[in-house]
Amino acid sequence: MKQQQQKQKLFLIATFIFFLSSPTFTDGAGILSRIFDRTITASDNNHLSSGNSSSKYLTRDALWFNQTLDHFSPYDHRQFRQRYYEFLDHFRAPDGPIFLKICGESECGGISNDYLAVLAKKFEAAVVSPEHRYYGKSSPFKSLTTENLRFLSSKQALFDLAVFRDYYQKSLNARFNRTAADNPWFVFGASYSGALSAWFRLKFPHLTCGSLASSAVVLAVYNFTEFDQQIGESAGPECKSVLQEITHLVEERLASNANELKSLFGALELKIDGDFMYFLADAAAIAFQYGNPDKLCTPLIEAKKAGEDLVNAYAIYVKEYYVKSFGANVETYNQQHLKNTAVNDDSADRLWWFQVCTEVAYFQVAPSNDSIRSSKVDTRYHLDLCKNVFGEGIYPDVDATNLYYGGTDIAGSKIVFSNGSQDPWRHASKQTSSPEMPSYIISCHNCGHGTDLRGCPQSPLVIEGDASNCSSPDAVHKVRQQIIEHIDLWLSQCRSSGRSSM
C-alpha cells in the first residue's frame, strides 16, 4: 500500500461517505452446515435482549481503513473501506503483543467477549479484528453480481490481513511516537476464520509469531460424507435411529403432500425439495455442532417412547429451537433468496455460498449407507444450486484449493489446532499433531465447534468462553493450558529474536 494511503486518518467519516458514492463501489467492470458460523451471530444477537448486551462484546466501536480491492493485479488500484475494531483495555503499551482475531463469513459487529478476552488479559495484549471483505459493512460493491464477486476468495482475504497488519502496526507506532517498531503478533480464528488463521501463518510466517486454528476447516472437501457420519456418532445409537426414522417419514409425506409437510415446519417458501431437506438436516446437525445435543435428542427419544408422531415432534424442535431460539432463518435455504444481489443484512448467505461454490465445497451429501440426512441432498443438488444461483461455469475447484494450502498436510509451523469431539466439521480440520503444529481434540458430550474459545454451549455466546457447562470442564481446561503454553513460547521466541515472528 502506498505511503500516502497508509497515513490517512481513521475517523474521516466524510471520506467514507464520499467513497461509497465513488465508481469503485459501482457494479465493477462495465464458505456449515449450510449456515456454518453465520447463524452464530444471529443466535448471539437473539440473546442480547436477555442480558447485558455490552458484556457480549469487548467493543462495538467501528474503525475504518482503505483496503486494496485486487491484491493480484498491478494495474487495478481500486480500494474499498474495510471495517475493523480494536480493544486496548489490557494492552501493555507500547510493546505488548497484538492479537489479531479474524472475522469470518458473517457481519462482524464487534469483538465478542469469549475466551480470547481471558487470553488478552493474561498476555497484556491488544485485540484487533478486521471484517472479512464483502461481508457486513465491508462490501466493495453496491451489487453482489457473480461478476462483482470475483474478488471474494480466501487468497484475497489473506492479503487483506497482511495489509491490515502492516497498516495497524504503522498506525500504532505513530500513536506512540515510535519508528519502525514491530510488536509481536498472534493470529486467532475459529471455523472458516480458523482456516484463515492457519493459512495466514503458512503464507505470511514473517508477520505473526503463531496462530490458533480453532475448528479450522483447512481441508476443502468435495463430497463431505464424514459430516453426516459424525452426526450419527455424536447422536448415539438411540437418537440416531430416531433421526433416521424421521427422515424416512418426512420423505414419505413429501411425496404425498409436500405443501402440508412444509407448512408444518414453517417452510412453505422452500419450493425445491432439496432445499427443504437440507433445512431439516441442518436443524439436527446444529445441535451437535454447537453443544446442545440434549435440546434435540431428549424430546425426540421421549416422543418415540410415547408413540407420538415423530414428524410433529421434530417440527416442534425445528420451529421452537432451531428457528426461534437459535436464530436460523428459513429464507437462508431458499435458492431464490440466494440469487438476490442486493447488499443487505442477509448478504452473507449468498456470499458464503459463492465461496463454497468456487473454493471449498464442503458438500454435505448423504452417505450411501446408514445416512441420517435425505438422499435428496446429494452432489447433484449442490452443483445445481451453484449453477442456479451463480450461473454457468461456477463450481468448486477443491483440488486447486488443497494444492495451494496443503489441506490437512499443511506444511506450516507454530500453528495450534483444536477441535471439539462432537463437531462434524472436525473431519475437515487437522486432527493429528506434528512437532511444529500440535493438534488437540477436546472430548466431552457437548464439546462442539470452537469449544476452546467459546466454552459450552458454543451458541449462544458464553461470556469469556466459560467451560463450567461443558460435561467435562477439565477436558477444556487441559487443552486451554496447552494453548497458553504454545502462545507463551512462541511469543517469547519472537521477543528473543527481536522480530514479530520467526
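Quick note: residue numbers are just sequence positions, from 1.
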Can you tell me how far apart [atom1] ([X]) and [atom2] ([Y]) are? Round to the nearest 0.5 Å.
| X | Y | atom1 | atom2 | value |
| --- | --- | --- | --- | --- |
| Arg480 | Ile487 | CZ | CD1 | 11.5 Å |
| Met277 | Ser375 | CE | OG | 8.0 Å |
| Leu212 | Ile415 | CG | CD1 | 10.5 Å |
| Tyr440 | Ile483 | OH | CD1 | 8.0 Å |

Side chains of [X] and [Y]: does their closest heavy-atom pair fall under 4.5 Å?
| X | Y | value |
| --- | --- | --- |
| Asn292 | Tyr321 | yes |
| Phe279 | Val330 | yes |
| Leu144 | Ser347 | yes |
| Cys239 | Ile301 | yes |
| Gln82 | Phe65 | yes |
| Leu351 | Glu105 | no |
| Asp228 | Gln364 | no |
| Ile102 | Val187 | yes |

Pair Asn113, Phe87 - check side-chain contact (heavy atoms from CB on, under 4.5 Å), show working. CA-CA 11 Å; Asn113 188 8; Phe87 180 72; over 6 Å; no
Under 4.0 Å between a side-chain nitrogen and a carboxylate oxygen: does that hold for Arg133 and Asp160? yes
Applying ring-ring contact (aromatic ring centres under 6.0 Å, His included), which residue pairs with at least one partner in residues 96-116 are found, sequence neighbours left out? Phe99-Phe188
Is the [atom1] atom of [X] crowded by more than 12 outside heavy atoms at less than 6.0 Å?
| X | atom1 | answer |
| --- | --- | --- |
| Lys376 | NZ | no |
| His248 | NE2 | no |
| Asp309 | CG | yes |

Assert yes or no for the condition that the ring centre distance of [X] to [Y] is strictly below 6.0 Å.
| X | Y | answer |
| --- | --- | --- |
| Tyr84 | Phe164 | yes |
| Phe265 | Phe276 | yes |
| Trp185 | Phe200 | no |
| Tyr192 | His132 | yes |
| Tyr222 | Phe363 | yes |
| Tyr362 | Trp425 | yes |

Between Cys456 and Cys447, is the SG-SG gap less than 2.5 Å? no
With side chain to side chain donor-acceptor pair (under 3.5 Å) as the criterion, how do Ser191 and His449 come out once you've worked through the C-alpha distance, each side chain's angles and the decisive distance to 0.1 Å? CA-CA 7 Å; Ser191 194; His449 209 55; 2.8 Å; yes
Does a donor on one side chain and an acceptor on the other come within less than 3.5 Å for [X] and [Y]?
| X | Y | answer |
| --- | --- | --- |
| Lys295 | Ser325 | no |
| His337 | Asp349 | yes |
| Asp423 | Gln230 | no |
| Tyr333 | Glu269 | no |
| Gln458 | Thr451 | yes |
| Asn419 | Gln431 | no |

Tell me, which pairs form a salt bridge (charged side-chain N to carboxylate O under 4.0 Å, His left out) where one or both residues lie in residues 232-251, sequence neighbours left out? Glu238-Lys305, Lys240-Asp370, Glu245-Lys304
Quick one: salt bridge (charged side-chain N to carboxylate O under 4.0 Å, His left out) pairs with a partner in residues 466-475, sequence neighbours left out? Asp474-Lys478
Has [X] got a side-chain atom pairing as donor or acceptor with [Y]'s backbone, closer than 3.5 angstrom?
| X | Y | answer |
| --- | --- | --- |
| Tyr290 | Ala285 | no |
| Ser153 | Gln156 | yes |
| Lys319 | Leu264 | yes |
| Thr247 | Arg373 | no |

What residues, two or more places apart in sequence or in another chain, satisfy side chain to side chain contact (heavy atoms under 4.5 Å, CB included) together with Glu131? Arg83, Glu107, Cys108, Lys137, Ser138
Please walk me through it: do Phe123 and Phe186 pass ring-ring contact (aromatic ring centres under 6.0 Å, His included)? CA-CA 11 Å; Phe123 288 99; Phe186 206 96; 8.2 Å; no
Any idea which heavy atoms bring [X] and [Y] closest together, and the distance?
| X | Y | answer |
| --- | --- | --- |
| Ala213 | Ala198 | CB-CB, 4.0 Å |
| Val217 | Ala195 | O-CB, 3.6 Å |
| Leu491 | Cys209 | CD2-SG, 4.0 Å |
| Asn183 | Leu172 | OD1-CD2, 3.8 Å |
| Ser214 | Gly450 | OG-CA, 3.4 Å |
| Ser429 | Phe417 | OG-CD2, 4.0 Å |

Could you go step by step and tell me if Asp114 and Arg454 meet the salt bridge (charged side-chain N to carboxylate O under 4.0 Å, His left out) rule? CA-CA 6 Å; Asp114 56 21; Arg454 298 185 69 95; 5.1 Å; no
Pairs touching residues 301-330 that satisfy disulfide bond (SG atoms under 2.5 Å apart), sequence neighbours left out: none
Chi angles and distances behind the side chain to side chain donor-acceptor pair (under 3.5 Å) call for Ser215, Arg426: CA-CA 6 Å; Ser215 298; Arg426 70 184 178 94; over 6 Å; no
Check salt bridge (charged side-chain N to carboxylate O under 4.0 Å, His left out) between Arg92 and all other residues, then give those that pass, not counting sequence neighbours. Asp95, Glu124
Working for side chain to side chain donor-acceptor pair (under 3.5 Å), residues Ser154 and Gln355: CA-CA 8 Å; Ser154 61; Gln355 292 190 261; 5.9 Å; no
What class does the angle between the rings of His382 and Trp353 fall in, given that below 30° is parallel, 30 to 60° is tilted and above 60° is perpendicular? tilted
Full working for side chain to side chain donor-acceptor pair (under 3.5 Å) between Asn446 and Gln422: CA-CA 7 Å; Asn446 56 345; Gln422 308 307 301; over 6 Å; no
